[in-house]
**Student:** 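Submitted below is the structure of interest, expressed as structure tokens.
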Amino acid sequence: MKENLKNKILDAVKFFIPDFNGDAVSSRLVIEKPRLAEHGDLTTNIAMISAKQVRKNPRQFAQELIEKFELDPNYFAKVEIAGPGFINFWFTNNYFYERLGTIIKENSNFGRLNVGDRKKTQIEFVSANPTGPLTVGHGRGAVLGDTIANLLEWNGYDVTREYYFNNAGRQMRLLGDSVRLRYLELTGEDVDFPVDFYQGEYIKDIAQHLVDEFGDSLKENQDENIFKQRAEDEIFDDIKKTLQRLKIEFEVFFNEKSLYDDGSIDSVVNEFRQKDLAYDKDGAVWFKASQLGGETDKVIIKSTGEPTYRLPDIAYHRNKFQRGFELIIDLLGADHVATYPDVVAGLKALGYDERKVKVLIHQFVTIVQNGEIVKMSTRKANFITLDELIDEVGADVVRYFFIMRSMDSHLNFDLKLAKTQSDENPVYYLQYAHARIASIIRYAESEGVELSQTPKFELLTQPEEINLIRQLEQFPDFVESCAANYDPHRLAEYLHETAGFFHKFYHQHRVVTDDKQTTSARIALCLATKIVLKNGFDILGITAPEKM
RNA sequence: GGGCCCGUAGCUCAAUCGGAUAGAGCAUCAGCCUUCUAAGCUGAGGGUUACGUGUUCGAUUCACGUCGGGCCUACCA
């Protein structure tokens, strides 16, 4: 409908400005739902942005434009000029009734779109190394990433969720050593546990498992790998379990090590050398980032012979391109902001279209406990694990909490509030609307209400009814724009509003009455609301309870 | 020093990539259940959108500056 209207508007404008380029002003041309209902169902600023070109005042030009519009009276009830020159449009009820029918007909597919055109898309998120349980901070990335993936799937993208990890390197060695020391401790040795080792209780648990299985027979074992491997296995297992509790599943776990094994790392360095983008200095290999817009050149291989993180990151991203992904999304925490410019520069240097890489940065989660900010570190083990959080408030609340805010904003997570007031969490407001509808439908069935195949929608004329339909009808618009902007929080907000419109309708009007026709129409409206809520919950990854 | 993000009601956050009267939740106060779920609804109070300048029909939004907070700024990942 919006597209249709846009074309009609552009046609009208072209009558006055023949060379008017819709694309050139598309950034300024807005057709949208006004904030206030009294300003209609759709509004456009076309008269204001183009008035200068025709040397007319906006209101007058708006009037002339309106006279050129050829609007279908079946769908448009009224057009009005308002304020400085807005043109406001009102839909007919008939339009809303048609949309209501569409919602019910499309059911669980209502809101699914094809704008992605099956484009091969990869989204990488979480990507925490297996050195400890996932923290609340990881949780934000996990939930955002999965929800964005869901949104893209609803838009018709072919999405692969991927988790990148590194099980080599210093941190992992430290992890293995930490387990070994705890193991020795448990087998009766006198151990001085260094402060910079992993302090968490989970290290002791892993050590205990080794004691249970092997007794003290590993004491003399010189193969330190046993401890590291065991730690990695157990921790990864836990991470996957935690993610599963949030209904997050990755299609691919990508091990950084494979990039060394298959020669990808070397080949990147060689290509850089060939293109004269790498050079040796002080025993290290440097990447000429400064030549590609970076601030300074960066080390890619240390003088010890070990690559820095940049090199495998570049190789990994090249691998993504080689696998044929056309849209590559990286969701990173704010602590990684500095890393991606080098990666992007590297890819560009290798001849890839860096515009296909979309880097999303989410800000940190600050944990507030007893009014104080808790500094978190995996090694110091003073973090709140994601698992503990799920234990406290449940998976639905965790998911909703992490998507209800823009990823640009720093998230303050007040633990006390989350625990003691979880019953007042906004997610219940949404779910309650769904459960309430389910209950009404159960009641209707128990009363023997027969649902008409062709409800008389035209009986829905009350403001609360029309407002609700108007809201429901826009669901696909939100699915599309939230995906286009990688911005799931607005969908959460939309659903919150939708629940509100339903609650208002419910309080004003009885659904099941003696009037069979009206009952049938209102049940249909309830069903449509339930469909939109359910589809929205699916995208957000929260459950749609039939009872609460 | 430089880069990124943020600053909006007592608190936590919105405001559909420049729109019309800046909105929700929590907290406070006052109302609404013998009828389909009161985890709900209705109403009240609460704001110089950190501050200043600029851009224009129009600024919470954009540009520049100041102040304040977070993160980054490794031959750590």
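Lettering of chains follows the sequences in order, A, B, ..., and the numbering in each one begins at 1.
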**Student:** Please list all pairs meeting salt bridge (Lys or Arg N to Asp or Glu O under 4.0 Å) that have one or both residues in residues 488-505 of chain A, counting only residues at least two apart or in different chains.
**Tutor:** none

**Student:** Under the salt bridge (Lys or Arg N to Asp or Glu O under 4.0 Å) test, which residues partner Lys516(A), sequence neighbours left out?
**Tutor:**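 Counting only residues at least two positions away or on another chain, Lys516(A) forms no salt bridge (Lys or Arg N to Asp or Glu O under 4.0 Å).
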
**Student:** Passes side chain to side chain donor-acceptor pair (under 3.5 Å), Asn166(A) versus Tyr309(A)? Steps please.
**Tutor:** CA-CA 10 Å; Asn166(A) 172 12; Tyr309(A) 64 88; over 6 Å; no

**Student:** Nearest nucleotide by nearest heavy atom, which residue falls closer to the 5' end of RNA chain B, Met404(A) or Ala444(A)?
**Tutor:**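 Its nearest nucleotide lies further toward 5', so the answer is Met404(A).
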
**Student:** Give Ser446(A) one of three labels, base, sugar-phosphate or nothing, depending on what nucleic acid heavy atoms sit under 4.0 Å from its own.
**Tutor:** nothing

**Student:** Could you pull out all residues at least two apart from Asp261(A) that satisfy salt bridge (Lys or Arg N to Asp or Glu O under 4.0 Å)?
**Tutor:** Lys257(A)

**Student:** Determine whether a donor-acceptor pair (N or O, by modelled atom type, separation under 3.5 Å) exists between the side chain of His317(A) and the backbone of Ile314(A).
**Tutor:**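 No, the answer is negative, given that no donor and acceptor are paired below the 3.5 Å cut-off.
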
**Student:** Indicate, with a heavy-atom threshold strictly under 4.0 Å, whether Leu411(A) touches base, sugar-phosphate, or nothing.
**Tutor:** sugar-phosphate

**Student:** How far does the P atom of G43(B) sit from the matching atom of C13(B), given to the nearest Å?
**Tutor:**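 One P to the other, the span is 27 Å.
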
**Student:** With Glu306(A), which residues qualify under salt bridge (Lys or Arg N to Asp or Glu O under 4.0 Å), at least two apart?
**Tutor:** Lys302(A)

**Student:** Nearest of U37(B), U12(B), C6(B) to any side-chain atom of Asp408(A)?
**Tutor:** C6(B)

**Student:** Identify the pairs formed between an N or O of the protein and an N or O of nucleotides 75-77 of chain B at a distance under 3.5 Å, and give each distance.
**Tutor:**
residue	atom	partner	partner atom	Å
C75(B)	O2	Ser303(A)	N	2.8
C75(B)	O2	Ser303(A)	OG	2.8
C75(B)	N4	Asp282(A)	O	3.4
C76(B)	OP2	Lys302(A)	NZ	2.2
A77(B)	OP2	Tyr309(A)	N	3.1
A77(B)	O3'	Asn166(A)	ND2	3.2
A77(B)	O2'	Asn129(A)	ND2	3.2

**Student:** Taking O4'-C1'-N9-C4 for purines and O4'-C1'-N1-C2 for pyrimidines, is C71(B) syn (within 90° of 0) or anti?
**Tutor:** anti

**Student:** In which stems does RNA chain B show up, taking only runs of three or more Watson-Crick or G-U wobble pairs whose two distances fall under 3.5 Å?
**Tutor:** B:1-7 with B:67-73, B:10-13 with B:23-26, B:28-32 with B:40-44, B:50-54 with B:62-66

**Student:** Would you call the rings of Phe254(A) and Tyr316(A) parallel, tilted or perpendicular, taking 30° and 60° as the class edges?
**Tutor:** tilted

**Student:** Ignoring backbone atoms, test whether Ser409(A) places a side-chain nitrogen or oxygen under 4.0 Å from the OP1 or OP2 oxygen of A14(B).
**Tutor:** yes

**Student:** Answer yes or no for this row: Tyr429(A) ring on G25(B) base, centroids under 5.5 Å, planes under 30°.
**Tutor:** no

**Student:** Taking the side chain of Met48(A) as its heavy atoms from C-beta onward, which of A14(B), C57(B), C4(B) lies nearest to it?
**Tutor:**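 The answer is C57(B), which lies nearest to the side chain.
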
**Student:** Residues in ring-ring contact (aromatic ring centres under 6.0 Å, His included) with Phe89(A), at least two apart?
**Tutor:** Phe69(A), Phe76(A)

**Student:** Sub-3.5 Å donor-acceptor pair from the side chain of Asp396(A) to the main-chain atoms of Thr543(A), do we have one?
**Tutor:**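 Checked: pair present.
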
**Student:** Say we look at C57(B) and C4(B): how far apart would their P atoms be, to the nearest angstrom?
**Tutor:** 30 Å

**Student:** Name each donor-acceptor pair under 3.5 Å that joins a side chain in residues 334-345 of chain A to protein atoms two or more places apart or in another chain, with its distance.
**Tutor:**
residue	atom	partner	partner atom	Å
Thr339(A)	OG1	His336(A)	O	2.9
Asp342(A)	OD1	Lys298(A)	NZ	3.2
Asp342(A)	OD2	Lys298(A)	NZ	3.2
Asp342(A)	OD2	Arg310(A)	NE	2.8

**Student:** With a 4.0 Å cut-off on heavy atoms, is Glu480(A) in touch with a base, just the backbone sugar-phosphate, or nothing at all?
**Tutor:** nothing

**Student:** Show every salt bridge (Lys or Arg N to Asp or Glu O under 4.0 Å) that has at least one partner inside residues 471-485 of chain A, sequence neighbours left out.
**Tutor:** Arg99(A)-Glu473(A)

**Student:** Would you check, one step at a time, whether the test salt bridge (Lys or Arg N to Asp or Glu O under 4.0 Å) holds for Glu546(A) with Lys534(A)?
**Tutor:** CA-CA 11 Å; Glu546(A) 295 288 314; Lys534(A) 172 72 166 64; over 6 Å; no

**Student:** Under 4.0 Å, counting only non-hydrogen atoms across every strand here, what does Glu546(A) touch: a base, just sugar-phosphate, or nothing?
**Tutor:** base

**Student:** Under 4.0 Å between any heavy atoms, over every strand shown, what does Pro58(A) touch: base, sugar-phosphate, or nothing? Just pick one.
**Tutor:**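 Since no nucleic acid heavy atom lies under 4.0 Å of Pro58(A), the category is nothing.
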
**Student:** By nearest atom, which of the nucleotides C36(B), G69(B), G3(B) is closest to the Val337(A) side chain?
**Tutor:**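 Looking only at heavy atoms from C-beta outward on Val337(A), the closest nucleotide is G3(B).
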
**Student:** Have a look at Pro34(A) and say if it touches a base, only the backbone sugar-phosphate, or nothing, with a 4.0 Å heavy-atom cut-off.
**Tutor:** base

**Student:** Could you tell me whether Ala435(A) contacts a base, only the sugar-phosphate backbone, or nothing, with contacts defined as non-hydrogen atoms closer than 4.0 Å?
**Tutor:**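 Base: the residue Ala435(A), judged by heavy atoms under 4.0 Å, touches a nucleobase.
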
**Student:** Can the ring centres of Phe236(A) and Tyr163(A) be said to be less than 6.0 Å apart?
**Tutor:**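 Under 6.0 Å, so yes.
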
**Student:** Among all residues two or more places apart in sequence or in another chain, which pass the salt bridge (Lys or Arg N to Asp or Glu O under 4.0 Å) test with Asp280(A)?
**Tutor:**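 Partners of Asp280(A) by the salt bridge (Lys or Arg N to Asp or Glu O under 4.0 Å) criterion, ordered by chain and then number, come out as Arg273(A).
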
**Student:** Any idea which of C13(B), U37(B), G70(B) is nearest the Ile440(A) side chain?
**Tutor:** U37(B)

**Student:** Tell me which residues in residues 488-501 of chain A lie within less than 4.0 Å of RNA chain B, going by non-hydrogen atoms.
**Tutor:** His489(A), Arg490(A), Glu493(A), His496(A)

**Student:** As a test of reading the structure: which of G3(B), A20(B), C36(B) is closest to the side chain of Tyr443(A), going by heavy atoms?
**Tutor:**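 Between G3(B), A20(B), C36(B), the one nearest the side chain of Tyr443(A) would be C36(B).
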
**Student:** NA contact type, Ala82(A), heavy-atom cut-off 4.0 Å: base, sugar-phosphate, or nothing?
**Tutor:** base

**Student:** Please work out which residues in residues 503-519 of chain A have a non-hydrogen atom less than 4.0 Å from an atom of RNA chain B and list them by number.
**Tutor:** His503(A), Lys504(A), Tyr506(A), His507(A), His509(A), Arg510(A), Val511(A), Val512(A)

**Student:** Tell me whether the side-chain N/O atoms of Arg35(A) come closer than 4.0 Å to OP1 or OP2 in U21(B).
**Tutor:**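 Indeed not, no polar side-chain atom of Arg35(A) lies that close.
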
**Student:** Pick one: which of Val511(A), Asn467(A), Thr529(A) meets side chain to side chain contact (heavy atoms under 4.5 Å, CB included) with Phe505(A)?
**Tutor:**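 Single pass found, and it is Val511(A).
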
